[in-house]
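Note sheet for the following structure.
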Amino acid sequence: MEGLFTANNVWMMICTALVFFMHTGFAFLEIGLTRQKNTINILFKNIFIITVGLLLYYIAGFNLMYPGFEEGAAGIFDFAGFGIAAPENGMTPEYADGGYTWWTDFLFQGMFAATAATIVSGAVAERIKIGPFMVFTVLYVGIIYPIAGSWKWGGGFLDQLGFYDFAGSTLVHSVGGWAALVAVWLLGARIGKFKNGKAQAIPGHSIPMATAGVLILWLGWFGFNGGSVLSADPELTSLTLVTTCLAAAAGGVVAAFVSFIKYKNLDLTMFLNGILGGLVGITAGADVMTPESAIIIGGIAGALIVFAVSFVDAIKLDDPVGAIAVHLVCGIWGTLAVGIFSTNPDHTFLAQLTGVACYAAICLVSSFLIFFVMKKTVGIRVSEKEELEGLDAHEHGMDAYPDFRLNEH
């Protein structure tokens with residue numbers, strides 16, 4: 001028993017490290033798909049999110065998300081107190097059915113918390129003021145994400161209702177995606193993005209870096225989904241990794257194919273976002289899918305990416321990295337797909353739809369309030385001069401590549 005407990009805990013710690021490494025992937029993807037003059041700004045935001053996110057999760061987030069709802073409670077809001085003092089059985093196999101210790105639990109969940117704000121970072125890149133973004137991160141990661149997470153993973157009312165989200169298609173990705181949608185709408189498009197009502201491409205400065213970012217994210221998903229088994233169970237972890245990888249592959253291939261039919265070119269960025277879409281799509285049900293279902297779910301997510309990206313452009317929203325298409329649209333699809341393809345008959349489409357609606361409500365309202373209040377008071381967008389010259393120079397007084405400069409417009 002002791003050996004199994006140790007093996008489980010080591011696996012969970014490895015998965016924690018893999019999810020941590022995803023922040024490198026997000027950073028590479030975001031800076032690769034945006035312009036050189038904003039690189040320091042994006043990296044600063046990403047480092048801020050992971051450092052402050054962990055501290056916030058320690059202060060209150062973990063106990064907001066896992067408050068231990070009383071039997072018969074409404075399961076909407078509860079708080080187990082500040083800090084993360086371990087319970088008496090926190091280091092024994094009695095805790096979490098021997099899957100991991102209390103400390104590993106905190107760290108694994110803390111890595112997830114920071115991811116939600118990272119999704120928003122990419123969508124608002126190149127024109128948001130750093131101060132308001134930092135305030136948003138503190139409020140969203142510190143309060144909104146843990147409360148929303150408690151509704152399912154903390155044993156709240158959606159869990160009691162039968163809603164299922166294995167590793168966070170909705171709880172992590174859509175939570176970030178809804179906020180990204182609101183932020184992009186309130187911010188407005190980057191200068192030059194729309195001319196005469198038509199979307200213009202603003203190429204990123206390093207597609208090789210964006211590609212590396214996606215491959216790192218795929219690797220990190222081995223921990224994101226594999227760790228969500230919450231033990232080193234051989235059958236479930238191996239199935240989960242197979243469905244995760246097949247969905248990613250299908251998402252990439254279908255996105256590239258559909259994009260080629262639609263635009264008559266082999267678009268690498270669409271290929272990359274298709275992989276991410278497949279990963280987000282399978283995340284809600286990776287442990288309850290057959291390999292065939294995983295390929296279908298990933299493939300549909302890949303197709304959705306192409307149409308969602310063009311739809312976001314059509315409604316005049318400017319999302320430099322495709323975060324809304326990847327995390328929100330595919331997050332919703334993946335969550336609903338559990339109600340269609342799950343091998344567990346207890347999972348129903350209605351429960352999944354209810355969950356999506358509840359998360360849409362809390363995320364849209366809370367992110368709108370946070371951004372709208374800041375927009376009307378301190379302002380959330382940089383000046384035209386700062387945007388044109390780059391946020392690195394104005395917000396940070398630094399240059400990401402001081403000895404290497406590309407011509408930029």
Side-chain angles (χ1 to χ4, degrees), residues 1-23 49-117 137-160 165-168 171-172 175 220 222-233 236-237 240 287:
M1 183 66 187
E2 190 63 37
L4 180 61
F5 177 49
T6 301
N8 282 338
N9 196 60
V10 168
W11 167 246
M12 290 301 294
M13 288 192 286
I14 291 168
C15 289
T16 301
L18 286 169
V19 179
F20 173 80
F21 194 43
M22 290 175 80
H23 291 277
I49 288 165
I50 183 66
T51 52
V52 172
L54 274 171
L55 292 173
L56 290 167
Y57 208 62
Y58 159 77
I59 293 166
F62 189 51
N63 281 338
L64 271 174
M65 196 157 171
Y66 298 96
F69 287 112
E70 298 287 327
E71 190 77 32
I76 296 171
F77 176 82
D78 201 358
F79 183 46
F82 294 100
I84 52 167
E88 277 184 29
N89 69 346
M91 302 304 127
T92 71
E94 290 172 33
Y95 181 76
D97 299 323
Y100 43 84
T101 68
W102 168 267
W103 300 125
T104 303
D105 191 7
F106 161 73
L107 206 53
F108 182 68
Q109 300 301 340
M111 294 304 164
F112 273 60
T115 304
T137 298
V138 168
L139 295 173
Y140 209 64
V141 175
I143 301 170
I144 306 305
Y145 170 80
I147 292 172
S150 75
W151 293 355
K152 164 58 189 168
W153 289 344
F157 77 97
L158 284 175
D159 189 50
Q160 297 161 29
D165 189 354
F166 171 63
L171 271 78
V172 177
V175 165
F222 280 68
F224 201 86
N225 286 1
S228 294
V229 172
L230 304 181
S231 76
D233 180 296
L236 270 181
T237 49
T240 297
D287 65 327

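Atoms considered below: every heavy atom in the structure, side chains included; atoms not considered: hydrogens, waters and symmetry mates.
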How close do [X] and [Y] get, counting heavy atoms only, and between which atoms?
X: Asp165; Y: Lys152; value: N-CE, 3.9 Å
X: Ile84; Y: Trp102; value: O-NE1, 2.9 Å
X: Pro67; Y: Ser150; value: CD-CB, 4.2 Å
X: Cys15; Y: Phe108; value: CB-CE1, 4.1 Å
X: Gly68; Y: Asp78; value: O-OD2, 4.3 Å
X: Gly61; Y: Pro146; value: O-CB, 3.3 Å

With the side chain counted from C-beta on, respond yes when Asp159 and Phe69 share a heavy-atom pair under 4.5 Å apart, and no when they do not. no
To the nearest 0.5 Å, tell me how far [X] [atom1] sits from [Y] [atom2].
X: Asn9; Y: Ile14; atom1: CG; atom2: CD1; result: 10.0 Å
X: Thr237; Y: Asn8; atom1: OG1; atom2: CG; result: 9.5 Å
X: Ile147; Y: Phe79; atom1: CD1; atom2: CZ; result: 9.5 Å
X: His23; Y: Ile50; atom1: NE2; atom2: CD1; result: 3.5 Å
X: Leu4; Y: Asp233; atom1: CG; atom2: CG; result: 9.0 Å
X: Thr101; Y: Met91; atom1: OG1; atom2: CE; result: 5.0 Å

Side-chain donor or acceptor of [X] paired with backbone N/O of [Y] under 3.5 Å:
X: Trp11; Y: Tyr100; value: no
X: Trp103; Y: Ala86; value: no
X: Tyr140; Y: Ala116; value: no
X: Trp151; Y: Ile76; value: yes
X: Asp287; Y: Thr240; value: no

More than 12 foreign heavy atoms under 6.0 Å from CG of Asn89: is that the case here? yes
Heavy atoms of other groups near Phe20 CZ, more than 12 under 6.0 Å: no
Mind telling me whether Phe106 and Phe62 have parallel, tilted or perpendicular rings, with 30° and 60° as the class edges? perpendicular
For a quick check under 3.5 Å, do Asp105 and Tyr95 share a side-chain donor-acceptor pair by atom type? yes
Steps toward side-chain contact (heavy atoms from CB on, under 4.5 Å) verdict (Tyr145, Leu64): CA-CA 9 Å; Tyr145 170 80; Leu64 271 174; over 6 Å; no
Audit row: Leu139, Ile144, side-chain contact (heavy atoms from CB on, under 4.5 Å) steps and yes/no: CA-CA 7 Å; Leu139 295 173; Ile144 306 305; 5.7 Å; no
Given the rule in the side-chain contact (heavy atoms from CB on, under 4.5 Å) test, do Val141 and Val52 qualify, once you have shown the distances and angles that lead to the verdict? CA-CA 9 Å; Val141 175; Val52 172; over 6 Å; no
Stepwise, does the side-chain contact (heavy atoms from CB on, under 4.5 Å) test hold for Ile59 with Phe82? CA-CA 5 Å; Ile59 293 166; Phe82 294 100; 4.1 Å; yes
